[in-house]
Amino acid sequence: QVQLVESGGGLVQAGGSLRLSCAASGRTFRNYAMGWFRQAPGKEREFVAAISGSGYTTYYTDSVKGRFTISRDNAKNTVCLQMNSLKPEDTAVYYCAANNVLTTSHNEYDYWGQGTQVTVSS
């Protein structure tokens with residue numbers, strides 16, 4: 001079992017930046033692909049970014065390409081999402097997730113964090 005805890009959310013103005021972190025428990029963190037998802041009020045949970053266990057392969061949804069960067073440090077059991085040039089449309093609860101294979105489908109992820117709120121004001 002993997003336990004995930006997100007942190008770093010908050011309130012920022014449009015154009016600002018936030019860095020989200022996800023701390024993972026477990027001895028096999030490097031074997032898991034990691035993903036970031038978000039869910040806004042009245043919307044379905046949406047894929048944001050994912051990274052392979054090695055960190056070599058990354059995926060991003062089109063709306064965040066060039067603005068967000070996902071990274072991981074397997075020695076520290078952490079995954080981060082650097083969020084720059086934030087827009088009001090980025091407002092959502094952001095979730096960290098883990099899975100044994102790299103995928104962009106939230107239905108396929110086995111482990112989830114509690115979520116952290118990101119609010120971008122206009």
Quiz item: So C22 and C96, disulfide (SG to SG under 2.5 Å) or not? Walk me through it.
Solution: CA-CA 6 Å; C22 176; C96 178; 2.1 Å; yes

Would you indicate whether the side-chain heavy atoms of [Y] and [X] approach each other to under 4.5 Å?
| X | Y | answer |
| --- | --- | --- |
| H106 | W112 | yes |
| L4 | M34 | yes |
| E6 | Y94 | no |
| T57 | L102 | yes |
| V48 | L81 | yes |
| V64 | R38 | yes |
| R67 | D90 | yes |
| V93 | T116 | no |

Going by atom types only, do [X] and [Y] share a side-chain donor-acceptor pair under 3.5 Å?
| X | Y | answer |
| --- | --- | --- |
| E89 | T91 | no |
| E108 | T103 | yes |
| N84 | S17 | yes |

Quiz item: Within a reach of under 6.0 Å around CD of Q117, are more than 12 heavy atoms found that belong to other residues, nucleotides or ligands?
Solution: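 Above 12, so yes.
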
Sub-3.5 Å donor-acceptor pair from the side chain of [X] to the main-chain atoms of [Y], do we have one?
| X | Y | result |
| --- | --- | --- |
| N77 | G26 | yes |
| Y60 | I70 | yes |
| R72 | S52 | yes |

Atom [atom1] of [X] and atom [atom2] of [Y]: how far apart are they, to the nearest 0.5 Å?
| X | Y | atom1 | atom2 | result |
| --- | --- | --- | --- | --- |
| L20 | C80 | CG | SG | 8.5 Å |
| D110 | N99 | CG | CG | 5.0 Å |
| F68 | L86 | CZ | CG | 5.0 Å |
| Q114 | S7 | CD | OG | 11.0 Å |
| Q3 | Y111 | CD | OH | 12.0 Å |
| W36 | M83 | CH2 | CE | 9.0 Å |

Self-check item: Closest non-hydrogen atom pair between A92 and A40, with its separation
Solution: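 Of all heavy-atom pairs spanning A92 and A40, the closest is CB-N, 3.8 Å.
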
Self-check item: Closest non-hydrogen atom pair between A97 and Y109, with its separation
Solution: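 Looking at all heavy atoms of both residues, the shortest contact is CB-CD2, 3.5 Å.
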
Quiz item: Can you check salt bridge (Lys or Arg N to Asp or Glu O under 4.0 Å) on D62 and K65, steps first, answer last?
Solution: CA-CA 5 Å; D62 286 344; K65 287 180 179 177; 3.0 Å; yes

Quiz item: F37 and F47: aromatic ring centres closer than 6.0 Å?
Solution: yes

Practice problem: Would you check, one step at a time, whether the test side-chain contact (heavy atoms from CB on, under 4.5 Å) holds for K87 with S63? | Solution: CA-CA 10 Å; K87 305 174 181 179; S63 63; over 6 Å; no

